[in-house]
Amino acid sequence: MDAEKIFLEYAERYDRRNGKINLKIIHTLAVVQVMDQLTEKLHLDEETCELAHICAMFHDIGRFEQVRRYDTFLDHLSVDHAELGCEVLKQERILAELSSEKQQRILTAVRNHNRYQIEPGLEGHTELLCRLIRDADKCDIFRVFACEDMVDTMGETEEQVAEETVTDVVYDSIMRHQCVKKEERKTGLDKWVSFLGFFFDMNFSQSLEILMEERYYRAPFDRTRFTVPETRERVEKILKETEKYIRERIDLQLP
Ligand SMILES: [Fe+2]
């Protein structure tokens, strides 16, 4: 199937002059690119590569209706955009030309792409798709973070974040190589730092290699002059610890 054509035709129904819509079109196409790179690095079979490509193309299809209905990307204030995406895929019969087994695998991966953890008990091939889409999506989040409008994406300007602090529990999570829980984030800077926690949740060291090619994850920290001395110190320690973790995992190629 020509997934890109189907995706772009669907997206055309929404107003691209809306920054949020435009952002999601660019994000989707970038995730697809990362996904193709990742599946190649992993030497996966043709069918898995094809399904992974389709998952990447449609993983955020629910974002368009979410923005139109609620004008926000915040799921807790609107809907779970992954669940909504599955509804859209079914209602629009977007996957209709695929076998029902393939459709189910794609829907499961889309549904799981934004969860804290992948639902337990999935069949091996489907679980692999979930792991792939979660990694590819996270990789591009760093590009969005570095290059797109901070207010559109994070809801706060860099000048505001420059005056904030890193909450203790968030700092401790990162230093222990643990993902930051959404509810633990108090400041905008906590949100920035929580992105670095994604590194610890990457399923494939090849995803970390892709991330290290551009180093987008550093850019917003590097260009912000934090006004609180303790914050500056914490940010430096956090970046150092994160990069140590990445280097070790790439060297060891784990898993
Ligand atoms: Fe998403």
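One-based numbering, in listed order, for ligands and for the atoms of each.
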request  = Could you grab the protein N, O or S atoms closer than 2.8 Å to the Fe ion (ligand 1) for me?
outcome  = D60 OD1, H81 NE2, H113 NE2
query = So which pairs with a foot in residues 79-128 pass ring pair (Phe, Tyr, Trp, His ring centres under 6.0 Å), sequence neighbours left out?
reply = H59-H113, H81-H113
With sequence neighbours excluded, residues passing salt bridge (charged side-chain N to carboxylate O under 4.0 Å, His left out) with K244 = E241
request  = Taking the six-membered ring of Y171 (Phe, Tyr or Trp), confirm whether the NZ or CZ of R234 is under 6.0 Å from its centre and within 45° of its axis.
outcome  = yes
request  = Check the angle between the aromatic planes of Y14 and F64 and answer parallel, tilted or perpendicular using the 30° and 60° thresholds.
outcome  = tilted
task = Linking directly or through intermediates, with side-chain heavy atoms under 4.5 Å: list the remaining ILVMFWY members grouped with L84, chain and number order.
result = Y70, V79
task = Assess K5 against Y10: is NZ or CZ under 6.0 Å from the centre of the six-membered ring, and within 45 degrees of the ring's axis?
result = no
